[in-house]
Undergrad: 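Structure incoming, see below.
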Amino acid sequence: MTDKSNYINEVSLRYAKALILIAKNSGLKQIQDDFQSFVKLIETNKDLKKIINNPLINVTKKSAILEKVCKANKAQKIFLGFVTTLTKHNKIVLIEKVFSQFNKLIDVKEGFTEVHLTTSIKLENEKSKQIEKMISQKINGKVKLRRKVDPQIIGGIIIQIDSYMIDNSIKSKLSENLI
């Protein structure tokens, strides 16, 4: 990773941790719901995304606009304060990354292990559930499966749990035979 992406990850994680600490006593689930609906709104509303990403709009104006959006969504005061803080510190452009880090922290808190599953074609839900159950039994814990389709692996499967990877793809098998 580059220095810039490390910086973005660190800052996003710092803000996510702060929100969890603040929201601990007032309903983490509600804050998570507010956060999710806010991020979905940003993803679907191009004008709102432009406002957030536009460095020419001053912080006060941006903050006022986002406050109206949060109030229209009936977001809790804690979440509104969080969005205001991000905006005033010029970190609102990282909102989606902060949301990702926030969800990861909640998963860890709830005892989930994130497992990345890469296949060459989209798996049926039943097959995914079988794989999730098998991995859950093997690691003796709860699993949150993140599925990804990558046709370049040709066939097979790649499973990644933290820094541990099982690469049983046809692409890697072919590469091994060529060496």
Side-chain angles (χ1 to χ4, degrees), residues 1-118 132 135-136 139-148 150 158-165:
M1 275 191 208
T2 65
D3 288 340
K4 186 176 181 177
S5 64
N6 281 336
Y7 171 76
I8 290 170
N9 285 332
E10 286 177 32
V11 169
S12 300
L13 183 60
R14 197 174 311 133
Y15 278 101
K17 283 180 178 179
L19 182 58
I20 285 178
L21 284 174
I22 293 167
K24 206 175 216 177
N25 299 330
S26 64
L28 195 56
K29 181 66 178 142
Q30 181 60 45
I31 297 293
Q32 188 177 24
D33 292 343
D34 288 348
F35 210 155
Q36 184 170 8
S37 66
F38 187 75
V39 169
K40 272 188 181 172
L41 186 62
I42 292 168
E43 289 171 351
T44 57
N45 189 321
K46 291 178 184 175
D47 292 334
L48 185 59
K49 193 168 193 127
K50 284 180 185 176
I51 290 168
I52 287 172
N53 292 320
N54 189 340
L56 299 176
I57 299 174
N58 74 28
V59 172
T60 309
K61 196 175 209 177
K62 209 179 270 192
S63 188
I65 292 167
L66 295 177
E67 183 177 337
K68 287 179 183 177
V69 169
C70 285
K71 285 182 178 178
N73 271 356
K74 297 180 180 151
Q76 288 188 354
K77 285 184 180 182
I78 290 173
F79 184 72
L80 173 61
F82 178 72
V83 170
T84 303
T85 301
L86 278 177
T87 306
K88 287 184 178 178
H89 290 116
N90 284 319
K91 303 295 186 223
I92 194 66
V93 294
L94 302 177
I95 190 80
E96 293 172 58
K97 188 71 172 169
V98 174
F99 181 61
S100 174
Q101 296 286 6
F102 180 76
N103 283 327
K104 285 179 184 178
L105 289 171
I106 290 175
D107 286 346
V108 168
K109 186 177 178 177
E110 293 176 351
F112 282 95
T113 300
E114 189 173 74
V115 176
H116 295 271
L117 178 71
T118 306
E132 185 176 345
I135 293 171
S136 180
I139 67 170
N140 199 22
K142 298 185 268 183
V143 169
K144 188 159 263 189
L145 200 61
R146 305 277 187 222
R147 295 182 279 183
K148 178 182 170 188
D150 181 3
I158 300 172
I159 300 171
Q160 183 175 353
I161 305 170
D162 295 324
S163 62
Y164 185 73
M165 182 186 289

Undergrad: Count the heavy atoms of every other residue, nucleotide or ligand shown that sit under 6.0 Å from NZ of K71, and state whether that count exceeds 12.
TA: no

Undergrad: Taking N90's backbone N and O only, do any of them form a donor-acceptor pair with K62's side chain (distance below 3.5 Å, no angle check)?
TA: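 No, because the side chain of K62 does not come within donor-acceptor range (under 3.5 Å) of the backbone of N90.
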
Undergrad: Taking the side chain as every heavy atom from C-beta outward, state whether K91 and V98 have any atom pair closer than 4.5 Å.
TA: no

Undergrad: Check whether the side chains of D34 and Q30 place a donor and an acceptor atom closer than 3.5 Å, and report yes or no.
TA: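 The answer is yes; a qualifying pair exists.
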
Undergrad: Between the side chain of N54 and the main-chain N/O of L56, is any donor-acceptor distance below 3.5 Å?
TA: yes

Undergrad: Check whether any side-chain N or O of N53 sits under 3.5 Å from a backbone N or O of K49 as a donor-acceptor pair, and report yes or no.
TA: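 Looks like yes, one N/O pair under 3.5 Å.
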
Undergrad: Do S136 side-chain atoms and E132 backbone N/O form a donor-acceptor pair below 3.5 Å?
TA: no

Undergrad: Under 6.0 Å from the CG atom of N140, do we count more than 12 heavy atoms belonging to anything else shown?
TA: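 Check fails, neighbour count at 12 or below.
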
Undergrad: In Å and rounded to the nearest 0.5 Å, what is the CG to CD1 distance from L66 to I95?
TA: 8.5 Å

Undergrad: Under 3.5 Å, is there a donor-acceptor pair between the side chain of D162 and the main chain of Y164?
TA: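 A pair under 3.5 Å: no.
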
Undergrad: Checking the side chain of K142 only, and the main-chain atoms of E110 only, is there a donor and an acceptor separated by less than 3.5 Å?
TA: yes

Undergrad: Only one of Q160, H116, E114 passes side-chain hydrogen bond (donor to acceptor under 3.5 Å, both in side chains) with R146; say which it is.
TA: E114

